[in-house]
Enquirer: 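Okay, handing you the structure first.
Values in this document were obtained by computation on a predicted structure and should not be read as measured data. Chain A is the first sequence line, chain B the second, and so forth, proteins listed ahead of strands; every chain is numbered from 1.
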Amino acid sequence: MLRMSTLLLRTLRDDPADAEVASHRLLVRAGYVRRVAAGIYAWLPLGYITLRNIERIIREEMDAAGFQEVHFPALLPREPYEQTNRWSEYGPDLFRLKDRRGNDYLLGPTHEEMFTLMVKGEFSSYKDLPLSIYQIQNKFRDETRPRSGIIRGREFVMKDSYSFDLDDQGLATSYEKHRQAYIKTFNRLGMNYNIVAAMAGAMGGSRSEEFLAPCPTGEDTYVLCEKCGYAANVEAMVTSVPAYSGQTPAAMEIFDSPNTPTIDSLVELLNEKFGGPYQASDTLKNVLLMADGEAISVLVPGDREVDLKRLQANLPGVQDIRLFEDADFAKNPGLVKGYVGPQAAAKLGLRLFADPRVVMGSHWITGANEKDKHVRFVTHGRDFTIEKFVESAEVRAGDTCPNCATPVVIDRAIEIGHIFQLGRKYAQALDFTVLDKDGKSQVVTMGSYGIGVSRAVAAIAEQTHDEIGLCWPREVAPADIHIVATGKEDLPFDTAETLAKELEAQGMRVMLDDRRDASPGVKFKDAELIGIPFIVIVGKALADGKVELRNRKSATKTEVELASAVSDILAVVTAS
RNA sequence: CGGGACGUAGCGCAGCUUGGUAGCGCACCAGGCUGGGGGUCUGGGGGUCGCAGGUUCGAAUCCUGUCGUCCCGACCA
């Protein structure tokens with residue numbers, strides 16, 4: 001039984017100054033967590049119970065799916081990460097340290113290498129597969145800017161699983177098993193979430209989905225088709241483009257366009273010069289970028305911006321991408337800032353990519369590669385050719401669903417889970433093979449599956465809190481019932497004590513506010529802030545032989561006879 | 001890494017412009033009243049004012065540097 005009189009807990013009346021998002025504010029105020037350093041948090045008893053409840057649910061679902069739990073150290077040697085090249089690839093986000101002999105170590109950001117090596121050390125036959133193993137572990141990332149409290153810390157708790165299969169079909173099956181296990185897990189956690197298509201990204205692999213908990217303070221943006229259910233991270237959103245059916249355009253025609261370095265100024269001039277209506281979407285924007293030191297051009301309709309994240313995610317292998325700067329223009333005198341066109345890209349040595357909207361046969365108004373001159377009727381396929389289409393333009397609400405052409409909505413969310421088919425990258429790098437039926441060595445194929453455990457505490461708090469405090473789903477709450485004794489006589493306290501013990505005997509998890517020195521108002525406020533789903537008040541109503549039962553979420557209050565209180569409360573709680 | 005702000009008691013803040021005994025609220029301790037919505041009165045304990053230099057008879061306050069933190073952006077399996 002949790003007793004408020006002795007619990008290591010001091011609720012705060014004021015919001016902490018450094019907390020912006022609701023989960024952070026409330027978890028600190030309600031005494032669940034305390035900041036230790038930037039992006040590093042300690043868990044007080046209430047918070048730790050909540051965290052462990054989530055871990056327990058995850059374990060139960062992983063075990064039920066037949067996955068086995070293992071555990072690795074957080075402190076790891078450099079060598080395996082050297083072999084997979086992640087020691088350098090991971091960049092400055094990797095926490096690195098040296099021991100007294102000067103050897104390099106790291107604090108694990110994810111454990112693909114260790115899992116692969118563990119299985120490699122034990123198994124060497126196709127008969128041993130498939131295998132899925134998982135751990136719940138603290139992970140470390142030296143984020144440039146930790147933020148939003150528990151949501152994005154530098155140390156956090158994560159459940160990561162890895163599957164090992166002989167072939168792609170096996171991987172697909174393992175992936176699906178994890179997907180189902182995740183659905184069960186997040187349902188039990190009482191979360192609202194969407195499963196969205198994601199980019200497998202630099203990790204390689206063919207299929208990847210994210211579990212996103214919609215929430216205005218989330219850091220991920222995704223699109224959702226409310227008609228057919230298509231959902232995708234904006235990076236993975238597929239542009240739907242109707243086939244181009246326009247007539248063959250006239251030949252290119254250069255015209256004077258003084259002082260029109262921006263799309264807006266160009267559109268204004270077009271309407272004056274040629275009669276309208278012309279729109280930004282009639283023009284072609286040539287966005288110049290440096291990709292790993294190489295100049296590239298990306299073509300997007302003039303009314304769209306390039307989404308750098310989206311572009312990079314769709315240009316596999318590119319590590320670093322940034323917009324052209326004045327210094328880059330200086331090095332490429334053929335490129336006239338504000339008047340760039342794709343016609344001369346090849347001549348200028350630019351690699352040319354285009355958003356799928358720049359369909360073959362479409363014609364555009366674009367720069368003439370000459371100051372104060374533009375050109376119209378520039379036609380894709382006739383006047384320029386591209387290396388390939390690449391998803392790169394910003395995604396907007398109202399863009400059409402690639403499945404059913406319905407306008408999509410855009411929403412923000414917290415990423416709480418990510419599953420993806422890794423393929424053979426790690427097994428290859430670490431030389432993990434098994435013998436197949438024919439006695440031949442085969443590189444195994446892997447999947448990797450993560451759940452942000454500590455982040456889930458915050459995500460649930462974000463989705464379930466209200467103005468007055470936290471409001472947990474029962475299975476994750478630190479207790480089922482919060483019993484408050486009020487008054488100055490012994491009777492309510494003794495009664496509450498007895499009631500608490502009887503409810504515990506029935507399997508209920510009980511928190512008892514047995515503080516003699518706190519006023520009723522303080523106890524009610526604390527109970528609401530802490531957010532245990534049911535609150536029982538033993539006080540005034542005792543005079544009529546009753547206690548009061550409140551539902552934290554709905555704020556409904558009912559009085560029940562003390563004589564039947566245990567079974568009445570039990571019935572209400574278990575029905576929830 | 002760019003832009004902005006802030007470091008004073010466990011938490012929230014004032015004091016700094018104009019240098020002179022470090023203050024308020026919450027929390028904490030002792031006692032009284034109150035006892036169904038963070039109630040009230042009296043009395044207390046707790047801070048090398050982020051750190052290091054400098055100016056000055058004297059620095060929380062002025063100057064220089066440095067470290068840290070938060071917010072927006074960039075970045076983020």
Enquirer: List in chain and number order the residues that pass salt bridge (Lys or Arg N to Asp or Glu O under 4.0 Å) with A:E294, two or more places apart in sequence or in another chain; answer none if no residue qualifies.
Expert: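 Scan of A:E294 (salt bridge (Lys or Arg N to Asp or Glu O under 4.0 Å), adjacent residues dropped) gives A:R351.
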Enquirer: Should the side chain of A:R29 and the base of B:G38 be counted as holding a donor-acceptor pair, with the cut-off at 3.5 Å?
Expert: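 A donor-acceptor contact between them is present.
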Enquirer: Is the shortest side-chain heavy-atom distance between A:T464 and A:L470 below 4.5 Å?
Expert: no
Enquirer: Atom CG of A:D18 to atom P of B:C13: distance rounded to whole Å?
Expert: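 Interatomic distance, CG of A:D18 to P of B:C13: 9 Å.
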Enquirer: What does nucleotides 23-30 of chain B look like as a protein-contact string, B for base, S for sugar-phosphate only, - for none, at under 4.0 angstrom between heavy atoms?
Expert: --BSS---
Enquirer: Take the protein atom CD of A:E305 and the nucleotide atom P of B:G73, then report the distance between them rounded to whole Å.
Expert: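 Those two atoms, CD and P, are 16 Å apart.
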Enquirer: Just to verify, which of A:R515, A:R13, A:R29 counts as forming a salt bridge (Lys or Arg N to Asp or Glu O under 4.0 Å) with A:D526?
Expert: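 Testing each of A:R515, A:R13, A:R29 against A:D526, the sole residue satisfying salt bridge (Lys or Arg N to Asp or Glu O under 4.0 Å) is A:R515.
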Enquirer: Can you see whether A:F524 has A:R550 sitting over its ring - NZ or CZ less than 6.0 Å from the centre and within 45° of the normal?
Expert: yes
Enquirer: Sub-3.5 Å donor-acceptor pair from the side chain of A:S392 to the main-chain atoms of A:V390, do we have one?
Expert: yes
Enquirer: In residues 454-469 of chain A, which residues come under 4.0 Å of RNA chain B by heavy atom?
Expert: none
Enquirer: Closest-nucleotide mapping onto RNA chain B: is A:E415 or A:G521 further toward the 5' terminus? I mean the 5' end.
Expert: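 Here A:G521 is the residue nearer the 5' end.
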Enquirer: Could you tell me which residues satisfy salt bridge (Lys or Arg N to Asp or Glu O under 4.0 Å) with A:R78, sequence neighbours excluded, listed by chain and number?
Expert: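 Listed in chain order: A:E82, A:D104.
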Enquirer: Mapping A:A518 and A:D15 to their closest nucleotides on RNA chain B, which lands nearer the 5' end?
Expert: A:D15
Enquirer: Please, which pairs that meet ring-ring contact (aromatic ring centres under 6.0 Å, His included) have at least one residue in residues 2-35 of chain A, sequence neighbours excluded?
Expert: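 Of all non-adjacent pairs touching residues 2-35 of chain A, those that pass ring-ring contact (aromatic ring centres under 6.0 Å, His included) are A:H24-A:Y41, A:Y32-A:W472.
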Enquirer: In the structure shown, which nucleotide is the Watson-Crick or G-U wobble counterpart of B:A60, with both distances under 3.5 Å?
Expert: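 Looking at the geometry, B:A60 pairs with no nucleotide.
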Enquirer: For A:E113, check salt bridge (Lys or Arg N to Asp or Glu O under 4.0 Å) against everything at least two apart and list the hits.
Expert: A:R86
Enquirer: Using whole Å, what does the distance between atom C1' of nucleotide B:C71 and atom CZ of A:R25 come to?
Expert: 15 Å
